[in-house]
Structures are given as C-alpha cells and as structure tokens.
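Just so we're clear, the structure is a prediction, and the values are computed from it rather than from any experiment. Whatever order the structure lists them in is the order used to number ligands and atoms, beginning at 1. Throughout, residue positions are numbered sequentially from 1 according to the sequence presented.
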Amino acid sequence: MPMRLEILTAEGVLFDGDVDSVVAPGSEGELGILPSHAALMTMLQPGELRYRTAEGESYLAVHGGFMEVRSDHVIVLADAAEHVDSIDAERAEEAVRRAEERIAARGADMDIERALASLRRAQVRVRITRRRRQQGHSP
Ligand code: ATP
C-alpha cells in the first residue's frame, strides 16, 4: 500500500502524491520512511530529500522545516525546497560566491545569521545538482 507524501513550502504545494518510500534529512540524521512507519515528528536539516514512486526516484533540496509521519501520510513543511531538475546550478554557485564575499567582508551592517543561512541553502543546491547530475539521474 503506498503512502501519501505532501511537500509544502511558503510558496505552495511542491509535491502531493503516492510514494513507495521517502528518505529525509532529519535533525538526527537520514530517516527512511516506508509504509506502516510509526508516527513521528522531526525537524529537518538542510539537505537532500528523495522519494520513490512507480516512475522512479526523485531528488529535492530542502532547506530546513519539519516532517510529520502519521498513518501512511508524510507531510514535509520546508522553509524552501526545489526538485533537482528545477535548480539553476549557476545561480546557486553565484549565490555561494556572493554569500562568501559578504561573510569575508564582515561589513558592520551584515546580518551573519542571514548570510550563513543563505550560504547553506546555496551549498545544498550546488551539492545536490552535482551529485545527481553526475550520476546521470533525471528524476
Ligand atoms: P538567490 O540568492 O540565488 O536568490 P536565495 O538563497 O536568496 O538564492 P531563497 O530565498 O532560498 O533564495 O529562495 C527564493 C526562491 O528562489 C525559492 O522559491 C527558491 O526555491 C528559489 N531558488 C533559489 N535559488 C534557486 C536556484 N539556484 N535554482 C532554482 N530555484 C532557486
């Protein structure tokens, strides 16, 4: 029996459908979810979330948030998330450079938390596009 996975971000519903499995970057490490999994609620760290459907495996960058599992229903509420195919790798690389420059310059008006969060998001995007595109995956 499949599970229902919903991935919600501030911008709307990124995915809503039946899946066979989910692997998510939980705050304590990678978490694999199969049907009939025990109920749980966890924070997510920025990283890769993948899910498998009859069509194959799909890969997403998720940038924090949390996940709830209850009765074969997985809800991911992410601060932001993108499917690997919709990530603009050049934009992410540019964002890494910008964030690094901003942090290195240590401007008096720099919001360090914001700069680090932006760097982390961009690094996750770069890492996931590199890993998945090199492997020739096309989710
Ligand atoms: P940038 O500095 O490149 O705008 P950002 O970290 O400020 O990156 P976010 O605030 O995390 O961007 O995201 C804003 C929106 O843009 C979100 O919808 C996010 O999914 C999307 N987004 C950000 N970077 C990319 C990217 N490299 N490829 C595709 N979508 C992206």
Novice: Could you tell me the residue and atom name of the protein heavy atom closest to atom 23 (C) of ligand 1, and the distance to it rounded to 0.1 Å?
Specialist: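 Nearest neighbour among protein heavy atoms for atom 23 (C) of ligand 1, to 0.1 Å: Arg91 NH2, 3.1 Å.
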Novice: Looking only at protein heavy atoms, which one is nearest to atom 20 (O) of ligand 1, and how far off is it?
Specialist: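 Atom 20 (O) of ligand 1 sits closest to the protein heavy atom Glu82 OE2, 2.7 Å.
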Novice: Within a distance under 4.0 Å of any heavy atom of Ser86, pick out the atoms of ligand 1 and give their elements.
Specialist: 28 (N), 29 (C)
Novice: Classify the side-chain pair His73/Glu68 by whether it contains a donor and acceptor separated by less than 3.5 Å.
Specialist: no
Novice: Any heavy-atom pair between the side chains of Glu48 and Val124 that's under 4.5 Å?
Specialist: no
Novice: What pair of heavy atoms forms the shortest contact from Ser21 to Met3, and how long is it?
Specialist: CA-CE, 3.7 Å
Novice: Near Arg98, which atoms of ligand 1 are under 4.0 Å from a heavy atom of that residue?
Specialist: 1 (P), 2 (O), 3 (O)
Novice: Tell me whether Ser118 has any N or O atom under 3.5 angstrom from an N or O of ligand 1.
Specialist: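 Between Ser118 and ligand 1, no N or O pair is found under 3.5 Å apart.
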Novice: Where does Ala122 meet ligand 1, judged by heavy-atom distances below 4.0 Å: at the side chain, the backbone, both, or neither?
Specialist: neither
Novice: In this structure, are over 12 heavy atoms from other groups packed under 6.0 Å from Met110 atom CE?
Specialist: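 Check passes, neighbour count above 12.
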Novice: Run the numbers for me: atoms of ligand 1, each under 4.0 Å from some heavy atom of Ala92, listed by number.
Specialist: 27 (N)
Novice: For Ala92 and Arg125, work out which heavy atoms get closest and say how close.
Specialist: CB-CB, 3.7 Å
Novice: Out of curiosity, Asp18 CG to Thr53 OG1, how far, rounded to the nearest 0.5 Å?
Specialist: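 So the gap between those two atoms works out to 9.5 Å.
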Novice: Identify the closest protein heavy atom to atom 28 (N) of ligand 1: which residue and atom is it, and at what distance?
Specialist: Asp88 N, 2.8 Å
Novice: Tell me, which protein residue and heavy-atom name are nearest atom 8 (O) of ligand 1, and how many Å apart are they?
Specialist: Arg125 NH1, 3.8 Å
Novice: Give me the nearest non-hydrogen protein atom to atom 6 (O) of ligand 1 as residue plus atom name, then the distance to 0.1 Å.
Specialist: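 The answer is Arg121 NE, 3.0 Å.
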Novice: Do Glu30 side-chain atoms and Pro25 backbone N/O form a donor-acceptor pair below 3.5 Å?
Specialist: no
Novice: Of the side chain and backbone of Glu11, name the one, both, or neither that has a heavy atom under 4.0 Å from an atom of ligand 1.
Specialist: side chain
Novice: Looking at CD1 of Ile128 and CD1 of Ile87, how far apart are the two atoms once the value is rounded to the nearest 0.5 Å?
Specialist: 6.0 Å
